[in-house]
Student: 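Here's a structure for you.
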Amino acid sequence: MAKRYLTTPIYYVNAEPHIGHAYTNIATDSLARFYRTMGDDVYFLTGTDEHGEKVGRTANEEGKEPQEFVDEVVKTFRRLWQDLKLSHDGFIRTTDQRHVEAVQHVFQQLYDQGDIYLDTYEGPYCVHCETYWSENKLDDQGNCPECNRAVEYISEDSYFFRLTKYIPELRKHLEANPKFVSPESRYNEVVNLLNEGVQDLSVSRTKFDWGIPVPFDEDHVVYVWFDALLNYLSGIGYPNKKFEDWWPPKVQFIGKDILRFHAVIWPCMLMALDVALPERVQAHGWWTLEGDKISKSKGNVVDPRELAHQFGRDALRYFLLRRIPFGEDGVMSDEGLVELINGELANNLGNLVNRSLSMVEKFADGIVPKPEELETDLESPADFAAQHRQNFIELMEDLKFDRALKELMLFTSKTNRWLQEEAPWKLDREENRERINAILYQLCEALNEISYLAEPVMPETAAEIKKRLEVSEQGNLETRRWGELKGGEKVTIGDPLFPRID
Ligand code: ME8
């Protein structure tokens, strides 16, 4: 059984989660579910990034001890993932003892092997992004080029990680593995970053203490990014050998904002530790709200729970993954959601499910007929299902969620069209009984097919379709063959799966 280790970024707990965080986790959840339907063994890890100056300051502003503060905010993340019914297997907090120990172990090892050394850092620092910048990278106003906030100038003793030592090896790895960083635009961005030149990385701070203590120097705490990146190892047991049960990650999901950390610093840390690199670092694009950045300070945070409540969990998941190619930016709007839900989910998919089950009720007393050959010149679902399924699998494996979902829609609309041409309602005479039954069987098996293709992104819809077909087992997408329904299942019509929104 293939092992698939999938990770999301771990989120800062300085504020509550919003739709951007939900997007990454929903995408990861969909891939996790996809691999599970393919019969693979999956470990899906998410978590929270709880140390650092930003979180420490926010706790301070709220008049709380940092630990007390993070213990509260972490609950909002846990609750959101629970409300969205995500299927993660692990949740790591950087304040977990197992993580603290792993970070200290790594820091000590890299120091002992000469990859970490003491020096002084002087220069700009963005607390919001927890990022060191060189002067020449700042924007025209001298602000952080990433978030455009004012930077602070720091001057302090710091331990440095010998990042530069590993850059030639990273370049080779990138050349040999063009999908190591995806999509291609992000791969090119990483190559450009390397071409511009990279410096050793400051990996400890002395001016505040909300962090993991450097094991051999109590004046320093570990730089929050160095700490956070190691969650991907500590989350599956590192340094215990057991981590190798899952390592290396199949896909590490990130937003494009944190590309440099994951595609430059992180692989170099792994090389220093002599640990294999992830197969793929997948950066996705940025959701904005009608052109504006979604951020707490702008007061336009979109609450994923509200959207899920208003439109339905599956519809929200569908929208996020279908609306834009994974990797590109998108604009959130209620109109966009309504348009996609009505057009593709209500009119196409929901309508087919409803019509089909109603016909089985009307023409076959609600019982799926026995499978029979359908003699017809028309291309029927039995003929075109396998091709769409194959395309779907390949596109999901390549994280082309929008196009994979398009295959689901194509299969559905072709089935709708075929049904329109077969028009069993015009054949309702005893001499046509066999033909009607053969059509109804194909229709029901087409719904079964839809439940398979819907499963990764719309798991509740998939389960509901299966329930209405009286199918109790979730089969394997890869080994699935047309003709699974045996006939004799009692169908339930039920309410529309996706009521039209006006
Ligand atoms: O950067 N559109 O945490 P963070 C799409 N703790 N995705 C968005 C988004 C938006 N508008 N806003 C946020 C950190 N995201 C670090 C990560 S990992 C070792 C440490 C998502 O809370 C996207 O995945 O700022 C982005 O990369 C992440 O949230 C940043 O979350």
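Start at 1 and go down the list; that is how both ligands and their atoms are numbered. Residues take their numbers from the sequence shown, with the count starting at 1. Since the model is a prediction, treat every value here as computed from it, not as a measurement.
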Student: If the cut-off is 4.0 Å to any non-hydrogen atom of H18, which atoms of ligand 1 fall inside it?
Tutor: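 Once the distances to H18 are compared, the set is 9 (C), 12 (N), 13 (C).
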
Student: Using heavy-atom distances only, which candidate in Y232, Y11, F261 approaches atom 18 (S) of ligand 1 most closely?
Tutor: Y232

Student: Flag W225 as yes when one of its N or O atoms lies below 3.5 Å from any N or O atom of ligand 1, and as no otherwise.
Tutor: no

Student: Counting C-beta onward and ignoring hydrogens, is there a side-chain heavy-atom pair between D402 and F326 closer than 4.5 Å?
Tutor: no

Student: Scan Y238, Y5, Y232, Y43 and name whichever one has a ring-ring contact (aromatic ring centres under 6.0 Å, His included) with W246.
Tutor: Y43

Student: So if I count the atoms of ligand 1 from 1 in the order they appear, which ones are less than 4.0 Å from some heavy atom of D49?
Tutor: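 Checking each atom against D49, I get 6 (N), 16 (C), 20 (C).
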
Student: What atoms in ligand 1 come closer than 4.0 Å to a heavy atom of D257?
Tutor: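 Atoms satisfying the 4.0 Å criterion: 26 (C), 27 (O), 30 (C).
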
Student: Do the ring centers of Y223 and F161 come within less than 6.0 Å of each other?
Tutor: no

Student: When you compare the side chain of L194 with that of I167, does any pair of heavy atoms fall below 4.5 Å?
Tutor: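 The answer is yes; the side chains approach within 4.5 Å.
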
Student: Any heavy atom of A283 sitting closer than 4.0 Å to ligand 1?
Tutor: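 Judged by the 4.0 Å heavy-atom criterion, A283 does not count as contacting ligand 1.
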
Student: Does the side chain of R36 pick up a donor-acceptor pair with the side chain of S87 at under 3.5 Å?
Tutor: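 Present: a donor and an acceptor within the cut-off.
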
Student: Tell me, do V42 and K250 make a side-chain contact under 4.5 Å, heavy atoms counted?
Tutor: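 No. Closest side-chain heavy atoms not under 4.5 Å.
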
Student: Verify the ring-centre separation between F226 and F107: is it less than 6.0 angstrom?
Tutor: yes

Student: Heavy-atom count around K64 NZ within 6.0 Å, excluding the residue itself: above 12?
Tutor: yes

Student: How would you list, by chain and number, every residue that makes a salt bridge (charged side-chain N to carboxylate O under 4.0 Å, His left out) with D29, sequence neighbours excluded?
Tutor: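 Result, salt bridge (charged side-chain N to carboxylate O under 4.0 Å, His left out) vs D29: R33, R317.
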
Student: Would P9 count as being in polar contact with ligand 1, using the rule that some N or O on each side must be under 3.5 angstrom apart?
Tutor: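 It does not: no N or O of P9 is found under 3.5 Å from an N or O of ligand 1.
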
Student: Please work out, at 4.0 Å between heavy atoms, whether the side chain, the backbone, both, or neither of I19 comes within that distance of ligand 1.
Tutor: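 For I19, no heavy atom sits under 4.0 Å from ligand 1.
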
Student: Is N231 in polar range of ligand 1, meaning some N or O pair under 3.5 Å apart?
Tutor: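 Checking ligand 1 against N231, no N or O pair falls under 3.5 Å apart.
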
Student: Before signing off on this row, confirm whether W287 and ligand 1 have an N or O atom pair separated by under 3.5 Å.
Tutor: yes

Student: Check each atom of ligand 1 against the heavy atoms of G285 and keep those under 4.0 Å away; list them by number with element.
Tutor: 5 (C)

Student: With a 4.5 Å heavy-atom cut-off, do F319 and L307 have their side chains touching?
Tutor: no

Student: Within less than 4.0 angstrom of ligand 1, does H262 place any heavy atom?
Tutor: yes

Student: Considering only heavy atoms of T24, which atoms of ligand 1 have at least one such atom less than 4.0 Å away?
Tutor: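 Those atoms are 21 (C), 23 (C), 24 (O).
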
Student: Can you list everything that forms a salt bridge (charged side-chain N to carboxylate O under 4.0 Å, His left out) with D40? Sequence neighbours excluded, please.
Tutor: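 For D40 the salt bridge (charged side-chain N to carboxylate O under 4.0 Å, His left out) partners, ignoring immediate neighbours, are R4.
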
Student: For A228, take its heavy atoms, then give the atoms of ligand 1 lying under 4.0 Å from any of them.
Tutor: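 Counting atoms of ligand 1 from 1, those under 4.0 Å from A228 are 19 (C).
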
Student: Enumerate the atoms of ligand 1 whose separation from the nearest heavy atom of I258 is less than 4.0 angstrom.
Tutor: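 Selected atoms, number and element: 1 (O), 27 (O).
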
Student: Out of curiosity, is H284 lining ligand 1, as in a heavy atom under 4.0 Å away?
Tutor: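 True for this residue.
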
Student: Using distance alone, determine whether G255 and ligand 1 share an N or O pair under 3.5 Å.
Tutor: yes

